[in-house]
Amino acid sequence: MQFAKRLDRLPPYLFVDINRRIAEMRGKGIDIVTFAIGDPDMPTPAHIIDRLCEEARVPANHRYPETDGLPELREAIAEWYRERFGVELDPNTEVLPLIGSKEGIGHIAFCFVEPGRVVLVPDPGYPVYSMATMIAGGEPYYMPLLEDADFLPKLESIPESVAAKATLMWLNYPNNPTGAGAPLEFFDRAIAFARAHSIAICHDAPYTEVYFDGKKPPSLLQAGGAKDLSIEFHSLSKTYHMTGWRIGMAVGNREMIRALFTVKSNLDSGIFQAIQLAAVRALRGSQAVVAEHNEVLQRRRDKLLEVLDQVGLHARVPDGTFYVWARVPEGYSGVDLARELLEQVHIAVTPGIGYGASGTDYIRFSITLPDERLEEGIQRLAGWRGGTR
Ligand SMILES: *Cc1c(COP(=O)(O)O)cnc(C)c1O
């Protein structure tokens, strides 16, 4: 067999060791509390499930769907954007449903990337931005997200020679893994930078509805001129606890939406219509679930931050997302600390390096575990002896 060279470029999976050790310990009957999974523990709200069940019985929904989604879904997405962000979208040209936003995040690379081209990628960041870039034959350029800059990329430090070769820039706020939000003013600056260098922006925004302290995050499309050169990826996964359903959307610049549709329509055949109609119910139904979810998450966030402080692990207070990004103490790497916490107090966290080199000295806690497990994990963390040094 002759596999394609592009496969060799993809880095090996980083945490083989730690995951093997977790499996080994669990095999011996050791109970591990895991803060390592970024997937909501709370179920999808019942009204959404009910609509799926009704629509699953309708024979028309058993056939191939259209790749560009049901008009009703595109309209519901446009209404939701108007209601939530005050952003106007044409449901026929500026909205494209996706089989989960990850699908579109991967496919958009084929619209902008070719050998010799560069994609600006946040570091730390969701790995798909750089992986899809490499699969499409381009080069990621990593923009460090540092705590002293509120985890926003310093656009002015991107070399002119890099900006000249860049065709796409990825942004993601509220940010996975740092939990940081971005002010609208930052989006204005990003758009000015992108315009000056003929770069398109993709804003990955699945966490705009997962926010704390009542501070609603903005959409990139609220920034002036955003639609001239950008699209936003959004998703029902995190907002309505629908990660397994696989439904999301891209919205914004119509040429970019058309290009993504061209690639997609040649590779996939859309989303099961019953799921699309359940998504319509989610978007048009009561949004009370958002506040309910955020209340639970904020309480968990605060409990975790309190114990992190006690054991001497510093973390910037997250503005949103499911994550707490904690700096490791002097003398540790994130991998060292993740190992030590696993061995000593039987809790699992993700080493920050999994999200990029700038995450080397961090670990990521996810707060998507049931309250009683979180409580147990916090007790164990409080007893970590490294913390008392
Ligand atoms: C969860 C997540 C996604 C993917 O969401 P889906 O719509 O479920 O594919 C994309 N980006 C980030 C940063 C995420 O955390």
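Each residue takes its place number in the sequence, starting with 1. What you see is a predicted model; the values in this text were computed from it and never measured. One-based numbering, in listed order, for ligands and for the atoms of each.
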Are W170 and Y141 close enough that their ring centers fall under 6.0 Å?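 No, the ring of W170 stays outside the 6.0 Å limit from the ring of Y141, centre to centre.
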Aromatic ring proximity F85/W80, centre distance under 6.0 Å: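 Yes.
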Starting at CD1 of I347, measure out to CZ of R373 and round the result to the nearest 0.5 Å.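 With rounding to 0.5 Å, CD1 (I347) is 11.0 Å from CZ (R373).
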Output all residues satisfying side chain to side chain contact (heavy atoms under 4.5 Å, CB included) with A182, sequence neighbours left out; order by chain, then residue number.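 Side chain to side chain contact (heavy atoms under 4.5 Å, CB included) check on A182 returns L152, Y173, F186, F187.
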Determine, stepwise, if the pair R21 / I32 fulfils side chain to side chain contact (heavy atoms under 4.5 Å, CB included). CA-CA 11 Å; R21 184 71 185 124; I32 311 280; over 6 Å; no
Report the C-alpha distance between F272 and Y64 in whole Å, list the side-chain angles of each, state the deciding distance to 0.1 Å, and finish with yes or no for ring-ring contact (aromatic ring centres under 6.0 Å, His included). CA-CA 8 Å; F272 181 33; Y64 280 121; over 10 Å; no
Under 4.0 Å from ligand 1 - residues by heavy atom, chain and number: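 Its neighbours under 4.0 Å (heavy atoms only) are G100, S101, K102, I105, Y126, Y129, N172, N176, D204, P206, Y207, S235, S237, K238, R246, given by chain and number.
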